[in-house]
Number of protein chains: 2
Amino acid sequence: MRNKATLIYNDLLQKIEQEVYPLGSYLPSENQLCELYGISRETGRKALASLAENGYIQKIRGKGSLVIEHRQYEFPVSGIVSYQELAHQLGIQTRNEVVGFNPNAQLPAHRFTIVEPTVTVAPVTAIKRVRVINGEPAIIDKDYLLKSVVPTIPKTAAETSLYAYLEGQLGLQIAYATKEITMEPANEEDREYLQLDKGAYMAVVRSMTSLADARPFQYTESRHRADKFRFRDFARRQKRG
Amino acid sequence: MRNKATLIYNDLLQKIEQEVYPLGSYLPSENQLCELYGISRETGRKALASLAENGYIQKIRGKGSLVIEHRQYEFPVSGIVSYQELAHQLGIQTRNEVVGFNPNAQLPAHRFTIVEPTVTVAPVTAIKRVRVINGEPAIIDKDYLLKSVVPTIPKTAAETSLYAYLEGQLGLQIAYATKEITMEPANEEDREYLQLDKGAYMAVVRSMTSLADARPFQYTESRHRADKFRFRDFARRQKRG
DNA sequence: TTTGACAGCTTGTCTAAACAAGTTTATAGT
DNA sequence: ACTATAAACTTGTTTAGACAAGCTGTCAAA
């Protein structure tokens with residue numbers, strides 16, 4: 001990372017995870033961080049603010065930055081993390097089956113709001129994948145990527161990691177996403193690919209992902225077996241005036 | 001709110017929602033904000049950073065702060081918002097039935113980790129409530145509040161708003177929470193209170209809420225009818241070094 | 001017409017300083 | 001032994017300034 005605050009954030013985070021700063025202990029004070037890293041106080045404070053934001057510490061005035069219990073990475077996580085990144089972090093035995101690949105599909109464009117408001121249908125690349133975890137098919141991912149942003153996608157990228165291709169090869173800057181989680185009855189496709197009984201339920205995560213320049217480019221529908229689904233979140237209470 | 005950044009955050013947020021700054025437009029530049037509000041640039045930047053964090057704007061270098069589509073408040077929301085606050089914001093017709101109130105209950109203390117690690121059981125006040133939305137019972141909330149933090153809770157507080165009592169009456173500063181969402185088959189209690197068939201599924205949200213001094217004080221199990229459940233989230237991608 | 005350089009905007013990063021306010025500890029006085 | 005005060009820590013807020021880097025339009029040169 002280029003900026004100092006992120007470097008310090010990563011360093012402190014690593015030391016929290018390695019229990020150099022264990023649960024219930026205090027991080028070095030802001031002034032100590034200045035000396036330790038050779039930075040100004042505000043720079044250190046930015047790193048601490050991010051740690052607090054993500055649930056690793058709680059800042060207490062007059063005392064310091066307390067290391068608190070944070071959510072471990074579970075599957076699937078909140079945040080934008082690609083499946084491959086996640087599986088790697090967790091050491092999960094996983095396989096990726098591309099069961100559909102259509103480089104010339106169409107999608108109603110009302111989903112991609114700001115971009116092309118006049119066009120009613122947008123050309124997309126459609127990818128359908130089944131995630132097999134420990135030998136059991138658990139998730140169906142349906143991705144639709146705007147061809148105006150990503151003209152071509154090699155099938156091998158879908159088989160390995162889509163994000164590695166988008167960020168690494170194409171240099172796209174993936175910035176943010178909105179997600180919606182609902183519970184829905186399994187449809188025929190679900191039952192077929194995931195070998196489920198009738199009456200089974202699915203956790204469905206629909207998300208729109210956008211680039212740093214605010215162009216939405218990817219719509220995803222991720223359908224999870226109910227019994228395999230878990231979502232963890234950390235939230236801070238906002239005080240409104 | 002006391003600090004300027006929060007004041008400006010609230011003011012900008014209001015103007016975004018009232019479409020003074022509509023979707024797709026740019027907020028005043030940072031230097032303009034300085035003049036508009038009579039503040040320094042860093043103070044304005046803190047307000048903008050919070051707006052970006054919560055998904056209202058996307059900052060684009062060289063251009064400005066673009067107003068992007070943000071999640072409307074849906075039910076239930078991410079974040080820590082009390083049921084009453086939420087229902088009020090949404091104008092939902094809602095009723096609150098306290099179906100259980102035990103001021104002398106016990107709960108395994110391993111949930112409240114840092115506080116009392118040696119004690120195996122913690123004294124809590126147990127509250128069970130059914131949320132009735134538009135005449136239909138939709139949610140069962142089971143709350144357990146540590147008596148070491150909140151010694152007594154009037155039953156009327158449970159009938160109206162628990163958070164209003166904790167923050168308003170007792171002056172407690174509720175700071176953060178970790179949540180976990182899973183899908184589980186409905187149990188007998190669910191079926192009884194929510195009038196469900198056998199084989200019905202529930203969305204279960206378990207959460208631990210803590211104060212500003214990092215003391216966890218509340219464990220909640222919120223059980224939602226599957227067909228009424230929806231969770232919306234906004235996430236930014238983190239770049240790791 | 002096209003190209004290229006540049007000025008003037010924008011946000012991003014970083015620093016140094018000052019003061020307010022909450023916590024802890026040492027100390028002096030009772 | 002107890003208490004009140006003060007000093008020395010902590011984080012919280014705010015400012016002013018500097019320079020880097022990305023975007024856009026202007027204007028002059030080719």
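Letters A, B, ... mirror the listed sequences (proteins, then strands); counts begin at 1.
Residues passing the side chain to side chain donor-acceptor pair (under 3.5 Å) test with A/Thr43 are A/Ser40, sequence neighbours excluded. Qualifying salt bridge (Lys or Arg N to Asp or Glu O under 4.0 Å) partners for A/Lys147, counting only residues two or more places apart in sequence or in other chains: none. Partners of B/Tyr163 under the side chain to side chain donor-acceptor pair (under 3.5 Å) rule, at least two apart in sequence or in another chain, are B/Gln218. With sequence neighbours excluded, no residue forms a salt bridge (Lys or Arg N to Asp or Glu O under 4.0 Å) with A/Arg61. Partners of A/Lys59 under the salt bridge (Lys or Arg N to Asp or Glu O under 4.0 Å) rule, at least two apart in sequence or in another chain, are A/Glu30. Judged as a side chain to side chain donor-acceptor pair (under 3.5 Å), and not counting sequence neighbours, the contacts of A/Lys142 are A/Glu189. Evaluation of the salt bridge (Lys or Arg N to Asp or Glu O under 4.0 Å) rule for B/Glu221 yields B/Arg206, B/Arg223 as partners, not counting sequence neighbours. Take A/Glu42 and apply the side chain to side chain donor-acceptor pair (under 3.5 Å) test, not counting sequence neighbours, and it matches no residue.
Along DNA chain D, the stretch of nucleotides lying under 4.0 Å from any heavy atom of chain B spans, 5' to 3', D/dT13 to D/dT24. Taking 4.0 Å as the cutoff to heavy atoms of chain B, we find the contact window on DNA chain C bounded by C/dT10 to C/dC14.
Counted by atom type alone, A/Gln58 and B/Arg215 present zero donor-acceptor pairs between their side chains at under 3.5 Å.
Nearest-nucleotide assignment on DNA chain C puts the 5′-proximal partner with B/Pro28, out of A/Arg61 and B/Pro28.
Remark: B/Arg41, B/Glu42, B/Arg45 in residues 40-52 of chain B come within less than 4.0 Å of DNA chain C through at least one heavy atom.
For the ring pair (Phe, Tyr, Trp, His ring centres under 6.0 Å) condition, no pair includes a residue of residues 13-43 of chain B, sequence neighbours left out.
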